[in-house]
Amino acid sequence: MTDQELVRMALEARAQAYAPYSGFAVGAAILCSDGAVYTGCNIENASYPCGICAERVAASKALSEGRRDFSILAVAGSSAALCTPCGLCRQFLCEFAPGLRVLCANQAGAFEEHMLSELLAAGFDGASMA
Ligand code: THU
């Protein structure tokens, strides 16, 4: 699975987006260590805070099947700008994969790589409560 292929899967996952309020479809694809990929899309709600981002859908699908060994996440938006995970998603992902590589893509498939540790400096974790 190349980075480009994972970005392509994120772009395709946008087809299932439910985004009638923002009109902004997002797709995500998360790669596990054995090559398995889980995809997700954003799912909005008339009660806006109930909506969920594509990244947390993809990660939750994987987590619900017992997967925690994430290596790379691709996220793709629907504009010329590169789509970066929101703060909530950064914290959510940090719980399971603090060393995650994150590929932030635009609608054309152009992308930039970031480390999650760079996107979320000093994230809160279990050690923070010790
Ligand atoms: N959204 C995502 O799904 N992932 C991101 O990385 C950024 C934002 C969604 C949330 C909402 O449904 C829409 O994009 C506009 O914010």
Side-chain angles (χ1 to χ4, degrees):
M1 173 68 58
T2 66
D3 289 354
Q4 286 76 11
E5 287 169 338
L6 198 65
V7 166
R8 177 53 50 188
M9 292 184 76
L11 285 163
E12 290 173 356
R14 296 177 307 162
Q16 307 303 329
Y18 178 74
Y21 303 105
S22 72
F24 188 71
V26 182
I30 195 160
L31 177 68
C32 300
S33 56
D34 68 350
V37 177
Y38 293 82
T39 60
C41 59
N42 53 332
I43 304 169
E44 298 183 348
N45 192 281
S47 177
Y48 290 8
C50 289
I52 185 168
C53 294
E55 299 94 314
R56 276 176 289 139
V57 170
S60 295
K61 283 169 66 178
L63 290 161
S64 69
E65 295 191 17
R67 309 306 300 263
R68 294 184 182 174
D69 51 340
F70 308 135
S71 54
I72 313 174
L73 170 90
V75 55
S78 296
S79 70
L82 301 178
C83 188
T84 55
C86 77
L88 197 63
C89 286
R90 296 177 195 198
Q91 177 65 35
F92 186 93
L93 293 163
C94 181
E95 178 73 21
F96 305 101
L100 193 67
R101 290 176 62 215
V102 182
L103 309 177
C104 303
N106 70 5
Q107 62 184 1
F111 66 92
E112 285 181 359
E113 175 183 336
H114 295 280
M115 297 304 294
L116 180 60
S117 56
E118 163 205 343
L119 296 174
L120 181 70
F124 187 82
D125 61 14
S128 305
M129 289 185 288

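The chain is numbered in sequence order, starting from 1. From a predicted model like this one, the values you see are computed outputs, not experimental measurements. When a ligand or atom number is given, it counts from 1 through the structure's own listing order.
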For ligand 1, which part of Ser22 has a heavy atom less than 4.0 Å away: the side chain, the backbone, both, or neither? side chain
Within less than 4.0 angstrom of ligand 1, does Cys89 place any heavy atom? no
Quick one: does Phe96's side chain get under 4.5 Å of Ile30's, heavy atoms only? no
Of all protein heavy atoms, the one nearest atom 3 (O) of ligand 1 is Ala54 N, 2.9 Å
To which protein heavy atom is atom 9 (C) of ligand 1 closest, and what is the distance rounded to 0.1 Å? Asn42 ND2, 3.6 Å
What is the nearest protein non-hydrogen atom to atom 10 (C) of ligand 1, stated with its residue, atom name and distance? Cys53 SG, 4.0 Å
Quick check on contacts: which atoms of ligand 1 are under 4.0 angstrom from a heavy atom of Glu44? 11 (C), 12 (O), 13 (C)
Do Ile52 and Tyr18 make a side-chain contact, defined as non-hydrogen atoms from C-beta onward lying under 4.5 Å apart? no
Identify, with sequence neighbours excluded, every residue that meets side chain to side chain donor-acceptor pair (under 3.5 Å) alongside Arg8. none
What are the atoms of ligand 1, with element, lying closer than 4.0 Å to any heavy atom of Glu55? 2 (C), 3 (O), 4 (N), 5 (C), 6 (O)
Using the six-membered ring wherever Trp is involved, compare the ring planes of Tyr48 and Tyr21 and label them parallel, tilted or perpendicular (cut-offs 30° and 60°). tilted
Cys83-ligand 1 polar pair, N/O distance under 3.5 Å: no
Atom indices of ligand 1, in the order listed, that fall short of 4.0 Å to a heavy atom of Val26: 1 (N), 2 (C), 3 (O), 4 (N), 9 (C), 14 (O)
Would you say Thr84 touches ligand 1, if touching means a heavy atom closer than 4.0 Å? yes
Arg101 and side chain to side chain contact (heavy atoms under 4.5 Å, CB included): which single residue from Leu6, Leu31, Leu116, Ile72 fits? Ile72
Quick one: pull up CG in Leu88 and CZ in Arg56 and give me the separation to the nearest 0.5 Å. 4.0 Å
Looking at side-chain heavy atoms only, is the closest gap between Phe92 and Pro85 below 4.5 Å? no
